[in-house]
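For the numbers below, each heavy atom of this structure counts, side chains included, while hydrogens, waters and symmetry mates do not. Proteins come first, then strands; the chains are lettered A, B, ... in the order of their sequence lines, and each starts at number 1.
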Amino acid sequence: MAGFQSLPGFRDFYPEDFSRRQHIFRGWRTAATSFGFQEYDAPVLEPLELYKTKSGDEIEAQLFSFTDKGGREVSLRPEMTPTVCRMVGEKAGALKRPIKWFSIAEFYRYERAQKGRLRAFHQFNADIFGEAGPEAEIELIALLIQCLAGFGLTKDDFYVRLSDRDLWFFYLEALGFNDAQARSVLTAIDRYEKAGDDAFKVYTEAHGVMDADKKDRVLAFLRIKSLAELEAALAAFNSEKLTARLADWRKVIAGVSAMGLADFIAVDLSVVRGLAYYTGFVFEAFDRKGDLRALAGGGRYNDLVRKLGYADLPAVGFAIGDVTTGLLIEQRGLAPAHSTAPQVYVVIGGAAERTAAFGDIQALRAAGLRVEYPFKDLAFGKQFKAASDSGAKVALIYGGDEVAKGVVKLRDLADRSEREIPRDQAVATMRDLLRC
RNA sequence: GCGGUCAUAGCUCAGUUGGUUAGAGCACAAGAUUGUGAUUCUUGGGGUCGCGGGUUCGAAUCCCGUUGACCGCCCCA
């Protein structure tokens with residue numbers, strides 16, 4: 001193969017691919033605006049320091065970073081959260097609360113590409129700033145569900161696992177773990193589903209063998225599958241912190257249930273999410289069959305805006321990726337066939353008829369209809385095949401007889417019925433027929 | 001960053017122990033068909049066999065390197 005390849009992990013979007021991508025973006029945007037979120041955008045290139053401050057120096061290995069011609073250390077954005085925190089932080093004093101924003105943007109990570117994970121990908125991000133209570137979680141979880149359900153995906157296709165980092169810390173504290181030990185336990189929890197008992201190796205190396213009774217209680221917590229089980233597990237502890245967290249859990253579950261979305265969510269404390277800046281509820285969406293990577297992930301990050309140098313502003317947010325979402329839509333056969341097909345295909349008899357047709361074609365297009373016609377004179381048979389292949393609903397036929405009579409023949413391409421309409425009513429008739 | 005599998009037309013693939021000019025289906029284009037589309041038939045364009053080197057009289061085929069894709073590990077904001 002001569003010529004050039006695209007860079008590893010980067011994709012070309014041919015019209016068919018682009019059409020699928022637009023379908024996904026449209027679904028996300030429709031969901032977000034119906035929830036009252038406002039769209040924003042930001043630079044693709046940011047100071048490297050922004051990401052190091054948020055995630056630590058190790059993050060640089062995973063970034064598309066370089067030194068620009070002015071000697072600045074910069075990076076293509078690997079995520080939106082630090083950027084949106086900056087934007088909100090800069091104007092925090094002037095923004096009405098709650099701040100509900102979303103974006104659809106491309107991100108870049110210097111990682112080995114795998115199924116469902118590329119070096120350049122798009123994400124939908126939604127965040128709520130300025131609301132410390134679980135009302136923000138209810139709103140975002142409902143939006144996350146709608147961002148997938150809007151494509152026709154159901155509770156049998158995906159679900160949202162809900163967990164809570166604060167709850168874990170309070171629970172581990174009540175069991176007698178110190179802070180360093182608790183962090184190490186959470187790392188093990190994160191790996192437990194995949195690695196089994198080996199997940200505790202790091203803990204054992206750092207803090208010695210865990211007391212068998214404590215470990216049982218950690219693993220029991222991990223297996224909790226419902227709010228009722230959670231309440232039962234915590235009943236024995238007389239901890240104000242745990243009681244307060246439990247009250248928030250009841251609010252979230254009750255709110256989501258009242259929206260009729262209970263079947264989409266599962267209590268699953270095995271979700272703790274890798275990086276440590278999450279401060280409360282965390283959640284991830286997965287496909288039910290479990291053969292894809294996570295569809296979406298998010299959680300509360302109350303300290304991040306302050307950590308970046310701005311006001312103390314509570315926040316919760318999530319992101320959905322286009323790659324995994326696209327794979328799931330594809331797998332379930334929910335991808336649309338033609339989203340930008342012409343509505344009208346104009347069939348033209350010859351050179352003289354072409355002149356007549358052009359006037360009407362321009363008028364129809366100016367009226368907002370999607371209209372297509374063949375560049376070259378073709379046999380009628382060819383033109384009807386092309387009309388049918390194009391996905392158009394109707395054909396307008398400009399033959400010698402029609403033009404002479406001042407009419408145009410309108411053919412329904414589905415049932416092949418035909419009728420004549422006066423040329424001067426073509427635009428009005430077509431607008432009416434196609435409802436625009 | 002580490003390991004495994006793979007790479008032939010736009011797509012899916014065939015190609016014998018190394019042997020002449022590398023094939024098929026689909027797709028695309030033209031014609032049969034100058035006023036009616038999903039059929040059929042005919043014809044056509046399109047390949048430096050991922051790239052580079054080596055072995056050989058001769059390489060799509062064997063060897064080495066390299067690039068990319070897929071799978072797993074690390075990581076997953």
Side-chain angles (χ1 to χ4, degrees), chain A residues 1-12 14-17 46 50-56 58-64 75-85 107-119 121 123 125 127 187 190-191 194-195 198 202 271-278 282 284 291 293-299 301 304 317-321 323-324 345 347-353 374 376-392 394-404 409-418:
Chain A
M1 212 81 39
F4 298 93
Q5 296 176 304
S6 59
L7 290 165
F10 285 75
R11 294 170 287 176
D12 288 324
Y14 285 86
E16 204 179 314
D17 309 313
E46 292 275 15
L50 180 63
Y51 304 112
K52 285 189 175 177
T53 301
K54 185 208 156 206
S55 305
E58 329 74 64
I59 197 70
E60 195 173 348
Q62 322 270 356
L63 296 178
F64 253 102
S75 174
L76 291 171
R77 61 186 174 200
E79 59 167 323
M80 195 56 108
T81 307
T83 300
V84 71
C85 284
F107 300 95
Y108 311 86
R109 296 180 186 175
Y110 201 85
E111 297 179 298
R112 186 65 158 240
Q114 286 172 36
K115 185 179 186 182
R117 187 168 84 172
L118 300 172
R119 285 185 170 184
F121 55 93
Q123 275 189 347
N125 275 262
D127 295 272
T187 306
D190 195 27
R191 297 193 42 75
K194 206 182 239 182
D198 281 354
V202 177
V271 175
V272 294
R273 295 187 66 74
L275 291 201
Y277 68 86
Y278 284 112
V282 287
E284 293 185 337
D291 48 25
R293 309 179 70 85
L295 292 159
Y301 50 99
L304 192 56
F318 73 89
I320 313 186
V323 181
T324 313
Y345 193 97
V347 171
I348 300 169
E353 293 80 11
K376 298 274 163 35
D377 291 338
L378 290 171
F380 273 72
K382 292 273 188 217
Q383 294 194 57
F384 283 112
K385 179 159 164 42
S388 175
D389 289 346
S390 77
V394 298
L396 282 180
I397 303 161
Y398 289 79
D401 301 346
E402 287 84 356
V403 171
K409 198 178 272 179
L410 184 138
R411 180 180 175 91
D412 184 313
L413 287 165
D415 65 18
R416 305 188 179 201
S417 64
E418 289 183 350

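- Using a 4.0 Å cut-off between charged nitrogen and carboxylate oxygen, A:Lys409 and A:Glu402 count as a salt-bridge pair.
- Computed from coordinates, the A:Ile59 CD1 to B:C74 C1' distance equals 14 Å when rounded to whole Å.
- Under the 4.5 Å side-chain criterion, counting only non-hydrogen atoms from C-beta, A:Val272 is not in contact with A:Val282.
- Helical stems involving RNA chain B, defined as 3 or more consecutive Watson-Crick or G-U pairs under 3.5 Å, span B:1-7 with B:67-73, B:10-13 with B:23-26, B:28-32 with B:40-44, B:50-54 with B:62-66.
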Revision key, fill the gap. Scoring nucleotides 33-43 of chain B by protein non-hydrogen atoms under 4.0 Å (B base, S sugar-phosphate only, - none) yields --BBBB-----
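- Remark: A:Phe380 CZ is packed, more than 12 non-hydrogen atoms of other residues, nucleotides or ligands lying under 6.0 Å away.
- Not a single donor-acceptor pair, N or O on each side, falls under 3.5 Å between the base of B:C76 and the side chain of A:Arg112.
- Using C1' as the reference atom, B:A32 and B:G46 are 24 Å apart when rounded to the nearest Å.
- Remark: P of B:A29 and NZ of A:Lys376 are 13 Å apart, rounded to the nearest angstrom.
- A:Arg191 places its CZ atom 9 Å from the C1' atom of B:C74, with the value rounded to the nearest Å.
- Rounded to whole Å, the P atom of B:C6 lies 11 Å from the corresponding atom of B:C63.
- Separating the P atom of B:U40 from that of B:G23 is a span of 25 Å, rounded to the nearest Å.
- The CD atom of A:Gln62 sits 9.0 Å away from the CZ atom of A:Arg109 when rounded to the nearest 0.5 Å.
- A:Ala395 approaches A:Val347 most closely through the heavy-atom pair CB-CG2, 4.2 Å.
- Rounded to whole Å, the distance from OH on A:Tyr110 to C1' on B:G1 is 10 Å.
- Atom CG of A:Leu378 is separated from atom C1' of B:A32 by 16 Å (rounded to the nearest Å).
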Exercise for review: Apply side chain to side chain contact (heavy atoms under 4.5 Å, CB included) to the pair A:Val202 and A:Arg191, showing each step before the final yes or no.
Suggested key: CA-CA 11 Å; A:Val202 177; A:Arg191 297 193 42 75; over 6 Å; no
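- Here, B:U42 and B:U33 have their C1' atoms 13 Å apart, quoted to the whole Å.
- In this structure, A:Pro8 reaches the sugar-phosphate backbone alone: every heavy-atom distance under 4.0 Å involves primed, P, OP1 or OP2 atoms, never a base.
- Comparing A:Phe10 and A:Leu63, the nucleotide of RNA chain B nearest to each residue sits closer to the 5' end for A:Phe10.
- Figure legend: A:Arg119 and A:Tyr108 shown without cation-pi pairing, the cationic atom not lying both under 6.0 angstrom from the six-membered ring centre and within 45 degrees of its axis.
- Rounded to whole Å, the distance from CG on A:Leu118 to C1' on B:G68 is 14 Å.
- Going from the P atom of B:C11 to that of B:U48 covers 12 Å, rounded to whole Å.
- Residues A:Tyr345 and A:Asp389 bring no donor and acceptor atom of their side chains to less than 3.5 Å of each other.
- Counting all heavy atoms, side chain and backbone alike, A:Gly400 lies closest to A:Glu353 at CA-OE2, 3.1 Å.
- Straight-line distance from the CZ atom of A:Phe121 to the C1' atom of B:A77: 9 Å, rounded to whole Å.
- Nucleotides B:U12 and B:U55 have their P atoms positioned 35 Å apart, rounded to a whole Å.
- Using a 4.0 Å heavy-atom distance criterion, A:Gly9 is classed as a sugar-phosphate-only contact.
- Proximity of A:Gln123 to A:Met80: side-chain heavy atoms (C-beta onward) are nowhere separated by under 4.5 Å.
- Across all strands shown, A:Glu58 has no heavy atoms under 4.0 Å from either base or sugar-phosphate atoms.
- B:A22 and B:U61 have their P atoms separated by 14 Å, given to the nearest Å.
- Relative orientation of the A:Phe107 and A:Phe121 rings is tilted, given thresholds of 30° and 60° on the angle between their planes.
- As rounded to the nearest Å, B:U21 and B:G47 have C1' atoms that lie 13 Å from one another.
- Straight-line distance from the CZ atom of A:Arg117 to the C1' atom of B:C74: 9 Å, rounded to whole Å.
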